[in-house]
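Here's the structure, in structure tokens; my notes come after.
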Amino acid sequence: MSHPRHDLDPIVHTPARFSILALLAAVDRAEFRLVRDTVELSDSALSQHLTTLEKADYVTVRKTQTGRRTTTWIALTRKGRTAFTRHVEILNQIANTDPPAQRAG
Amino acid sequence: MTSPEQARAALAEARRVQERARRSARWFTWFLVATGAVSIAWITAMEAVWPQGRLALAPVWAALFLMAGFWMNRREALPLGAGRSLMAATLTWFALYLVVVGPVTRWQWGTSVPAWTAASAIAALPFFVAAWMRRRA
């Protein structure tokens with residue numbers, strides 16, 4: 001039987017991207033600055049991760065204009081939500097696995 | 001390589017960011033309550049206090065909706081199912097006012113302020129119920 005870690009999604013597995021998806025899974029949509037500040041990333045690092053997630057069709061990025069201010073909204077897609085949920089399931093499986101018993105010397 | 005400890009740490013981090021996101025989206029519950037309260041004031045004003053000014057008050061209501069939309073767009077996060085929740089509450093409120101509460105109150109009590117306050121409070125129940133359901137979730 002293979003270890004559940006082999007089923008982890010490599011796109012989601014990166015800690016920053018996992019945190020981004022975790023945040024987005026809790027809301028309908030979140031503003032760029034909230035994600036940046038909560039996940040503790042720079043603007044450029046967050047943009048790079050978002051590009052990767054957007055290419056995988058896991059998130060959508062939408063800019064809206066309110067008066068003079070441009071707001072960037074980030075939302076999870078259905079595919080992204082499924083991938084994140086699956087990833088969390090596997091992490092839960094791993095977290096509940098006991099480490100292999102050490103052989104007595 | 002992902003060890004059980006690393007998996008637990010990742011799950012704990014997910015809980016932390018999700019709690020932060022949910023905190024940022026809590027405004028929506030109070031937004032629903034405020035919408036319900038404003039709708040009570042608006043219906044009472046339009047039906048009992050100044051019934052001849054209905055046409056003048058309609059653009060005020062439209063402007064309020066527009067401002068609420070702008071304000072919502074300035075929040076950091078929109079909670080899960082917020083759009084659906086607001087739409088369902090608004091449609092139910094409108095149907096109650098237009099079909100049930102409005103005609104009955106107009107027919108039975110005319111322009112009585114207490115009657116319209118009570119009637120508009122009943123019509124606004126969908127907003128308060130939606131807020132209560134969000135608070136419980």
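Just so we're on the same page: letters track the sequence lines, and every chain starts at 1.
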Per-residue contacts, residues 104-125 of chain B versus chain A, heavy atoms under 4.5 Å: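 Listed by number, there are no contacting residues, so the answer is none.
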With a 4.5 Å heavy-atom cut-off (strictly below), which parts of residues 21-37 of chain B touch chain A? List them by number.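 Checking residues 21-37 of chain B against chain A gives B:A21, B:R22, B:S24, B:A25.
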If every non-hydrogen atom of A:L91 is compared with every non-hydrogen atom of B:A10, which pair is closest and at what distance?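 So the two residues come closest at CD1-CB, 4.0 Å.
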What closest approach, in Å, do A:A95 and B:L11 show between heavy atoms, and which atom pair accounts for it?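 Scanning both residues, the minimum pair turns out to be CB-CD1, 4.2 Å.
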Using the rule that two of Ile, Leu, Val, Met, Phe, Trp, Tyr join whenever any of their side-chain heavy atoms come within less than 4.5 Å, decide whether [X] and [Y] are in one cluster.
X: B:F65; Y: B:Y97; answer: yes
X: B:W71; Y: B:V38; answer: yes
X: B:W132; Y: B:L86; answer: no
X: B:V129; Y: B:I40; answer: no
X: B:M46; Y: B:V100; answer: yes

Residue part contacting chain A, namely of B:R15, when any heavy atom lies under 4.5 Å: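 No part of B:R15 comes within 4.5 Å of chain A.
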CZ/B:R16: more than 12 non-hydrogen atoms of other groups inside 6.0 Å: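 More than 12 heavy atoms, drawn from other residues, nucleotides or ligands, come within 6.0 Å of this atom.
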Are more than 12 heavy atoms, taken from residues, nucleotides or ligands other than B:F94, located less than 6.0 Å from that residue's CZ atom?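 Atom CZ in B:F94 is not packed in, count stays at 12 or less.
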Donor-acceptor check, side chain of B:Q18 to backbone of A:A22, threshold 3.5 angstrom: yes or no?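 Such a contact is found between B:Q18 side chain and A:A22 backbone.
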To the nearest 0.5 angstrom, please state how far the [atom1] atom of [X] sits from the [atom2] atom of [Y].
X: A:L8; Y: B:T2; atom1: CG; atom2: OG1; value: 5.0 Å
X: A:L23; Y: B:E13; atom1: CG; atom2: CD; value: 9.5 Å
X: B:N73; Y: A:T71; atom1: CG; atom2: OG1; value: 6.5 Å

Could you name the residues of residues 27-46 of chain A that have a heavy atom within less than 4.5 Å of a heavy atom in chain B?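 A:V27, A:D28, A:R29, A:A30, A:E31, A:L34, A:T38, listed by number.
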Please output the residues of residues 76-90 of chain A in contact with chain B, using a heavy-atom cutoff of under 4.5 Å, in numerical order.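 Listed by number, the contacting residues are A:R81, A:F84, A:V88.
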Under 4.5 Å from any heavy atom of chain B, what part of A:A25 do you find: side chain, backbone, both or neither?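 Answer is both: backbone and side chain atoms of A:A25 are under 4.5 Å from chain B.
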